Structure formats: C-alpha cells, structure tokens
Amino acid sequence: MNLYPNILTPPMDSPTSSMMSPGSDSRSPTHLFTPYQLPNPYLRIREPPVDKFRFRYKSEMSGTHGSLNGKTSDRSRKQTFPSVELSNYNQPAIIRCSLYQYGREDMAHTRQLHAHRLVKKHGSDEIDDPHDVSVNCDLGYIANFHSMGIIHTARKYIVAELIRKMTILKREEIARTEHQFRSLTKKEELEVKALAEKESKCINLNVVCLRFDAYRIVNNIYYPICPPIYSPAINNLKSALTGDLRIVRMDHCTSPCRGGREIFILVEKVTKKNIKVRFFELDDDDNEVWEDYGRFSDLDVHHQYAIVFKTPPYKHSEIDKEVRVFIELQRPSDGARSEPKDFSYIPSEISIGKKRTRLNSGDYTNSYFSIDELPVTLNTITPSCNKEITTSVHNTTINSEDLEAALKQNNIDSSEFDKLCNSLIGTVPMRELFTAENLTTRELKSLVFSGTSIKHPVVQEDGVIDQVKSELTSFMKTEPSSDRICLMLKALIQGENYITLNKNTVLHLLAAEIHTEDEFATYLLQLVKKFEKGKLLNVRNVSGQTPLHLAVEFGNKTFVEKLIEVQADITVQDKHGNTPLHMAVLEGVPNDILLTLISVYQNLNIEVDVYNYDGKTPLHMAVKSNNLHATKLLINCGANVNAIERKKGYTPLHLAVLGQNVDILNYLLDNTEAEWTREDFAQYNPFKLAKELMDCHDKQTFETYRIVENHLSSTNSRCEIDFVKKYSEVTDFSDECKNSLSDILDKNDTWKRLGKSLDFGHILHTDAFAAVQHPSKSLLTFAIVNGRSVKEIRDALVSLNEKKAVEIIDKMVMQY
DNA sequence: CGCAGCTTCCC
DNA sequence: CGGGAAGCTGC
C-alpha cells in the first residue's frame, strides 16, 4: 500500500495545487538539496488570510490596528493567523511570507512583488517583509504569521518601495548564483529601477496576496526547497473598487411584474460606472432561472451611496401570484456581489375584474339574466311569477313576514342549516329586523373608527344591503331550485348593480356594518356556503380586500366569526399584500378578532409569517403598532421572532427599539428567542440601534437603551457563569493541548515564570524540569498533580499576558 | 470649477 | 479598532 496517499500531490481543493506540478519551476533546484529520498517537499496553506482587510497608510499606523487574521478567525473566541506547512522535509528550514500582487490563478508563477508593505509588529518597531520563520523537526513544520498589517504605500513612494524590495531579492539571487554577497552593480540597479517603474504602472493597489517560500540556508545563502505558493486575494476594505458591496435600505421591496417601478436604494460606497443592480430568481433547487438588471444611468447614482433605478420586467408579463426573487449589487470590474435581498414581483392587477368578466359573459348571464337589467332581470327567472316579484323588488321596505316566509320556504336539506334558519326566525322577531333603526354604514364607521387613520373603501350606496335583502327574500319565496339559488347569489353578490364604486359587494358592506343585519348576514353567508361552496365569500374589492379584510379592519367581530364559520379564505392578500391577519394586529382592532383568526391558523396549520408588499409579516406590524397582545399571540402561534423585514432588514427587536415599545421590548428579550445579535441591512443590531438613538434628555430613548443594555449584561454574566462551570468540569490538559502549550511556554523560559506564578519557585531549578526536552509539559503535569486546577493555570497565564496560551486552553475547555 | 479618488486625521 | 470625514490632488 501507498504510505503517502495524499502527500505527493496536495489536496485538489488547495488553491495552490496549480503550483505543484513537479519541476515546473526552474528557480527551485529542489533535487540538489533533497537530503533523503523523500517525495518532493511542498508547501501548503493551512489557514489562508482573510479576504478583506483594511490597508492603512503609514500615517495611520500609530496605535494598534488589528492584525491580518486567518480566514476562519472569530472575533470573540478564536483568533487565527495565516499559516502554512512544509511537508516531506526533515531538515531545518525557514518559511518566508511576503506581499505580492494578486493575479490569475493559472498565471501565479508570473506574479510580481507588491509595492505595499507587510509589516510585523515586534514590540514598538515594525519589521518589513519578507518575514522568515524557522521550522525544524522539533518545532514542527508549521509557520504561523501573526501580528502583521498591510501598509498602503502612497502613490508617490511606490517606485521607491518596489526598488527597495527588488534590491533585497536581487541580492539574494546574486548570492545564490555567485556564492558570495555583493552590492548591485550600477547596471543592475538601473535594471531594477526600470523594472520597478514599469511595474508601478500596473499594480492594483487595492488587492494583494501573500507569497510563501520555503528555503534552506547554507552559509547564509537562501536556497528554495520547493516552489512558492500564494494565498487567495486580500482586498482592501476601504476601497470602493474592492470594498464590500451592500444594499443598506430600499424604499420598496416589490414591483409589478411588468417592471418599471422606480426604486431608491441606499448602498455602501460604489462607483457609478462600475455598478449594476441585478435581479434573479432561483428555483427550488437553487438553480438560477431568470435574471435581469435594474435600469439606470450614471446620473442616477448619487454620490456613490444611492441608486435610483427602474425595475426590469419579470419574465412573464402576467402572473397570478407573488413571485419571490432576489436583488443584489454587482460590480463588473471584479464580479463582486452584495448579499442578495428578498424582492417580490406582484401581479399587475387585482384579479377581481377578470373573474367578473368571466361571469358576466359566461353561463348564467346569457341564459338567465342580463346584468344590465338587474334587478329587473329577476323577472325572467320564473316567468310565472313575474309580477309579484317585480312589485316587491321596487319596494325595498319588505316586511318581516316576507322574509320569514322566504326563509321557511327555501328547501335546503341540511338539517344544520334548517336549524339555523329556525333559530333565526325563532329567536329574533323578523319585524324587529326590518323595523330596526336604519343606521347607516357611515354612522357606524365613525362610531368604530373614530380617530383612526385606517383607509377603507367608502360605501357609495347604503341601500345595497336592503336591496339585496329584499331581492333575496322575494326570491326565496319562490321556492327556487339549488341551481337557481346559486345563480341568484352570484347575481346579488357580483352583479354590477349591487357593487359599489369601489367594487364592494354586499358582503363587504355587511362586513363594515356592526350589530345590524346580523341575522340577514348569517343567512346570506350560510346560503353562499351551502350553494356556492363559499367561492363568493372571497370576492375582492378594488383594493383587493375580501369581506374578511373589511370585517377585521372594521372590528366587526361577529361578522369575522361568521365568515370563518363558513370557511372564508383567510389567506387572501389585498393589493398591499396584507392578509386579514396583518389587519388584525393594527391599533384599534379588538384583540379577540386576532384570537379568532389565529385559532384558524393553528387549526389549519397555516404559516403566519406572510410578507405583505411592504416587506412585513403580521408580527412586524404588531410590534410596529405597539400591540403587545398581538405580538404575544403571533409568537405563540409560531411566528418567527427573528424574521427580517425586507426594506431595511429589521427584526421585531429592531422595530421595538425603534418605536421605543418598552413592553414589547421586555417581552421579546425575556420570553422569546429573539436574538439581539441580528443585524439589519446597515449592520446595526438592536443594541447598537438603541445606542445610536439614545438621547439622554429623552426619557423614552434612554429607557429603551437601558433595557437592552441590562439584558445584554445579564446575558453576558450568564456566559461568564457557563465559562466557569465549563472549566470546573475539565481536570487535566489534553495531550494535544499540552503540545501546543509547550510550543509557546518552552521558549524564553516562559515556563519558569509560570512556575513561579503557581508558587513552584522552589523546585524550578531541579533537573526534573530543566533537563527535559519540554520543561513546560512536565510543569503542567506537575501542577495538576499538585492540585492546581486548569482554571488556576489559565489565570496565571492571563496575568503573564500569554494570550496565545490562554486561547489554547480556552479552546480545549470549550471543546471538552 | 467640480467630482472622484487618494491621503490624512480624528474619535 | 472601525468608522467617518476633512483636506488634498489630479483629471
């Protein structure tokens, strides 16, 4: 069997694999120096550098500015650094890290020096690249490059910097070929200078990469052991050419499917000639099935921070339901993209018109009624009783006996329905029903919605309800067949003469009434349910609202219940994408209406997190309207407490902070899984938002901030407790941990300082420690045996400021 | 001059 | 430290 299955070639996923073709690099006379018959040595990146980093100018380098971390570095727990490993080699060597220009992967061997400086902090001084790290059998063949920063060389110094770097390399090259050290000749200097000047013209100052070399040193001369390898690109975080693309905010998150909607988006720094707004759609398997671009010109990009564009048309010019797509920024120069945001295409028209057209031209109109002539057309239903009905049609004040008779006569076979009719007739005198004061809908509306700004269609004809009532009553007296009832219902609900200007049907009008017409409403709804299978219950008005929307909006609890009882569709979205549930959480709507709706959601197991066209779920709206009760109900019903609102990426917590809704804020923080770490599109978490909004003179904002902060600190202290608890469970170091610690503590007699700190000063001089190869390992074992806890040893290292060692121990404990 | 990009400065 | 912005420079 092959003992080195993966060693001859580095893993294929390694970004450096293209460098490894054997013998491809004539500059590395590997064969001359290979001491044993080992497979070819090679370098491998264990941890690439982060791909985005802020390059600092020299003038910015005073004080500490974070170092170039490894890609998997985590701010809070584990900091990592760029790291490489030399394999198939067993002699002392050095691994070098220097700064190079980034270029195409397949052209890596042609990459040139970069004019920026890779500086490493060592105490107070900065050391320029190249950085050499010694490796050997004892130390292992891994080199970590920490505390490095990238200094952005100012334009005017670029040539000088290149010359400086090139000269160093040239001298090493001379030593290698001539086996002696000497300065450059005048001619060589000129060559270097010419090269530097040529290079300086085409360097991309906002992208660099790290190059790693492995050398063996003979008589101070560096001989490459293997071909160099390069890290992936490191982009300058501060540049508009390479910086993060981000959509921070948008004023709309939907567009009609025909496109052309003007949208303003705020973005992180972009350059006008180098930015696109891309829309795309993914299918269920994440395959892209459509894309198009927002339409705008240079003039529409405002100061690098805002773009005004028109949406492209969706691939279909007509859609019958919302289509979810994504919107993102795209930078042509390097293909970079922003994080995509949710966006929706919505049908261009409310489909009510379509339905009615079909009905009007369809079966019943031609064969039975002519819509134009209604209500007169009723006459044609039963030619035999034309006269009778006609008279009652024009007389809207039917007496209760008429209705009573109609109700009695209708031959509905469902016993339940009969029961309903009987109870209706039995419990409420019909006389009362009809002689009751004729409250107008307008009066009722003002009664219920005094002071609220909810917009709703104004009913144009108060008489419609009465009219329908009388039509229906008379009609039912004729003992019509089921078919005919069905047609009659269609006519009364969708016929043009019974629809107001805003396309409200009689059901909409009933929804807007309160406490009047209860019995008639029940009767009508049951008829529709029974004979029409409920289809007419969900007819939409000009705003796309169903009767249920209106009943909810008007706080008409009984009608909501009636509609639900006859199984009206509660998922219909109006033209703003609002479901009745969205309306139910608004201020002024009685809580029990919401409760009624929610119980339906629960029974039918329907998703409550529906987004309206404003990009909000009912929960967002509940929080926004400071409705604690609704917030609780929705969350209990399974609403996602961390759902993101689509225009600015706010979670319910953000919204609570923003509205200073203290009760909701407390509730979300204390009783739900709402996460304060969630960031909005502008990368503000709710805490940061609260801090930003805080004004010491404003009690409200201050209180809001205090709540979030208190919650945070109590969570943190809880973390601290967890931390201590975790430590109490770990009684010894793992071998792996000991090895890592020994790499650090064996050096510079650090282990001695640790020993002293642990009160073992008296025995530090004995051979027990000093004579062994890894004194710190012995010390650690000794310390544990002598009753020191892992935590005590860790804390001792904290006081010695051995951050790396502390980190290693923390990591071990956390993984325990 | 005005805009963008570059550099420095500041908290 | 990261973010913001002022001031400078070249087009």
Side-chain angles (χ1 to χ4, degrees), chain A residues 49-71 73-81 101 114-121 124 126 146-162 197 200-208 234-249 266-276 296-308 329 331-334 336 338 648-649 677 679-685 687-696 801 803 807:
Chain A
V50 289
D51 49 8
K52 282 168 183 154
F53 187 70
R54 176 163 168 178
F55 301 180
R56 294 255 172 198
Y57 286 92
K58 194 167 189 324
S59 60
E60 289 184 293
M61 287 310 284
S62 58
T64 57
H65 287 297
S67 67
L68 183 62
N69 288 334
K71 198 181 170 91
S73 202
D74 185 296
R75 198 180 300 180
S76 51
R77 270 277 157 249
K78 51 172 203 308
Q79 189 183 25
T80 67
F81 300 104
Q101 294 176 49
H114 204 287
H116 292 343
R117 298 162 56 200
L118 183 65
V119 295
K120 197 169 170 176
K121 288 224 196 57
S124 56
E126 294 161 352
H146 47 83
S147 321
M148 296 193 303
I150 297 171
I151 295 188
H152 192 301
T153 302
R155 238 164 241 285
K156 53 187 172 186
Y157 299 125
I158 282 179
V159 176
E161 192 57 39
L162 279 175
E197 272 170 10
S200 71
K201 292 194 175 64
C202 53
I203 291 185
N204 181 343
L205 293 175
N206 288 304
V207 189
V208 301
I234 305 170
N235 294 292
N236 185 4
L237 206 51
K238 263 232 143 171
S239 159
L241 288 167
T242 52
D244 267 353
L245 291 176
R246 181 183 306 282
I247 295 171
V248 169
R249 180 168 170 170
L266 302 191
V267 296
E268 290 295 345
K269 204 171 207 172
V270 295
T271 44
K272 61 176 61 163
K273 291 190 193 307
N274 191 17
I275 193 69
K276 286 180 163 186
F296 62 97
S297 73
D298 285 4
L299 294 173
D300 298 317
V301 178
H302 177 76
H303 290 297
Q304 307 190 293
Y305 292 102
I307 304 173
V308 180
L329 298 176
R331 183 166 51 214
S333 66
D334 63 351
S338 71
K648 300 179 209 169
T677 51
E679 290 181 340
D680 64 14
F681 293 167
Q683 295 182 296
Y684 278 59
N685 63 41
F687 175 64
K688 198 177 160 192
L689 197 64
K691 201 169 175 181
E692 199 75 20
L693 292 171
M694 184 183 57
D695 172 0
C696 294
N801 206 20
K803 288 179 188 158
E807 195 182 297

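Lettering follows sequence order; numbering is per chain, from 1. Model, not experiment: these values are computed from the prediction.
- At a threshold of 4.5 Å between non-hydrogen side-chain atoms, the residues A/Asn69 and A/Phe81 count as touching.
- The side-chain hydrogen bond (donor to acceptor under 3.5 Å, both in side chains) search around A/Gln101 returns A/Glu199, not counting sequence neighbours.
- By the 4.5 Å heavy-atom criterion applied to side chains, A/Arg246 and A/Leu329 are not counted as neighbours.
- Partners of A/Arg249 under the salt bridge (charged side-chain N to carboxylate O under 4.0 Å, His left out) rule, at least two apart in sequence or in another chain, do not exist in this structure.
- In this structure, A/Tyr305 atom OH and B/dC3 atom P are separated by 15 Å, rounded to whole Å.
- Aromatic ring pairs are classed by plane angle as parallel below 30°, tilted from 30° to 60° and perpendicular above 60°; the pair A/Phe55 and A/His116 is perpendicular.
- Annotation: side chain of A/Ile275 is in contact with side chain of A/Leu245 (closest heavy-atom distance under 4.5 Å).
- Spacing between atom NZ of A/Lys269 and atom P of C/dA5 amounts to 11 Å, rounded to whole angstrom units.
- Every salt bridge (charged side-chain N to carboxylate O under 4.0 Å, His left out) that A/Lys71 has, sequence neighbours left out, goes to A/Asp51.
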Which atoms of nucleotides 7-11 of chain B (N or O only) lie under 3.5 Å from a protein N or O atom, and what are those distances?
residue, atom, partner, partner atom, Å
B/dT7, OP1, A/Arg155, N, 2.7
B/dT7, OP2, A/Tyr57, OH, 2.7
B/dC9, N4, A/Glu60, OE2, 2.7

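- Rounded to whole Å, atom C1' of C/dG3 lies 14 Å from atom CD of A/Glu679.
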Give every pair of a protein N or O atom and an N or O atom of nucleotides 7-11 of chain C that lie under 3.5 Å apart, one pair per line with the distance.
none

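- With sequence neighbours excluded, the residues forming a side-chain hydrogen bond (donor to acceptor under 3.5 Å, both in side chains) with A/Thr80 are A/Glu47, listed by chain and number.
- Between the CG atom of A/Asn236 and the P atom of B/dC6 there is a distance of 10 Å, rounded to whole Å.
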